[in-house]
Amino acid sequence: MLWIKALHIVFIASWFAGLFYLPRIFVNLAMVPSESVAEYERLLLMARKLLRFMTLLAIPALGLGLWLWLGYGIGQGPGNGWMHAKLAVVAVLLAYHHACARILAQFSGHQNRRSHRWYRWFNEAPVILMLVAVLLVVLKPF
C-alpha cells in the first residue's frame, strides 16, 4: 500500500504543477499585444503541450487514489466524513482542469474576453484547493 500511496502523491504533485502553471500561461496570453503573433502562437503551443501532459498525469493520480480508497478502504466507514469532503475537492479540481481546457480553446480561437487580472485570480484556485485537500487528509477533522 505504501508504494501506491507514494506514487499517488507523486502524480498528484505533478498534476498540480500543471494546474499551477497553465493559468500563468493564460495571464501571459492575455497580455500579448495583438501584433505579436509569433509570441501568441508560441504561448499557445506551450499551453497545449502542458494541458496534454497534465491530463496524462491526472489519470494515474486519480486511478491510484481510487485504488487507495476502494482497494485498501482508506476513508471508508464511520468517522470518515473528511473523505467525502476531499472527494468534493477532487471533483472541483477536475472541473477546474476542464475549465482550463475550455479557456485554452477560447485562446486558440482568439475569443478571449477576460483580462490578465482575471487570470491572475483564476490562477489562485488550485492553491486553495490543494491546501483544503491536504488539510482534510492530514487532520481528518470529521
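These numbers come from a predicted model, not from an experiment. Numbers for residues simply follow the sequence, beginning at 1.
- Residue-environment remark: CH2 (Trp118) exceeds the threshold of 12 foreign heavy atoms within 6.0 Å.
- Counted by atom type alone, Ser115 and Arg120 present zero donor-acceptor pairs between their side chains at under 3.5 Å.
- No close placement of the Tyr21 and Phe16 rings is indicated, their centers lying 6.0 Å or farther apart.
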(message) For a side chain to side chain donor-acceptor pair (under 3.5 Å) check, start with the C-alpha distance between His98 and Arg102, then their side-chain angles and the critical distance, and finish with the verdict.
(response) CA-CA 6 Å; His98 180 70; Arg102 292 191 63 188; 4.7 Å; no
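- Within the 4.5 Å cutoff, no side-chain heavy atoms of Trp82 are placed close to those of Leu139.
- Heavy atoms from other residues, nucleotides or ligands lying under 6.0 Å from CZ of Phe53 number 12 at most.
- With sequence neighbours excluded, the residues forming a side-chain hydrogen bond (donor to acceptor under 3.5 Å, both in side chains) with His97 are Trp15, Thr55, listed by chain and number.
- Within the 4.5 Å cutoff, the side chain of Glu39 has heavy atoms near those of the Leu43 side chain.
- Taking the side chain as every heavy atom from C-beta outward, Trp67 and Ile4 approach each other to under 4.5 Å.
- Remark: the Asn112 side chain and the Tyr119 side chain contain an N/O donor-acceptor pair separated by less than 3.5 Å.
- The shortest distance between side-chain heavy atoms of Leu44 and Ser108 falls below 4.5 Å.
- Enclosure of atom NZ in Lys140 by more than 12 non-hydrogen atoms of other residues, nucleotides or ligands within 6.0 angstrom is indicated.
- A donor-acceptor pair under 3.5 Å is absent between the side-chain atoms of Lys49 and the main chain of Met46, judged by distance alone.
- The ring of His110 has its center closer than 6.0 angstrom to the ring center of Tyr40.
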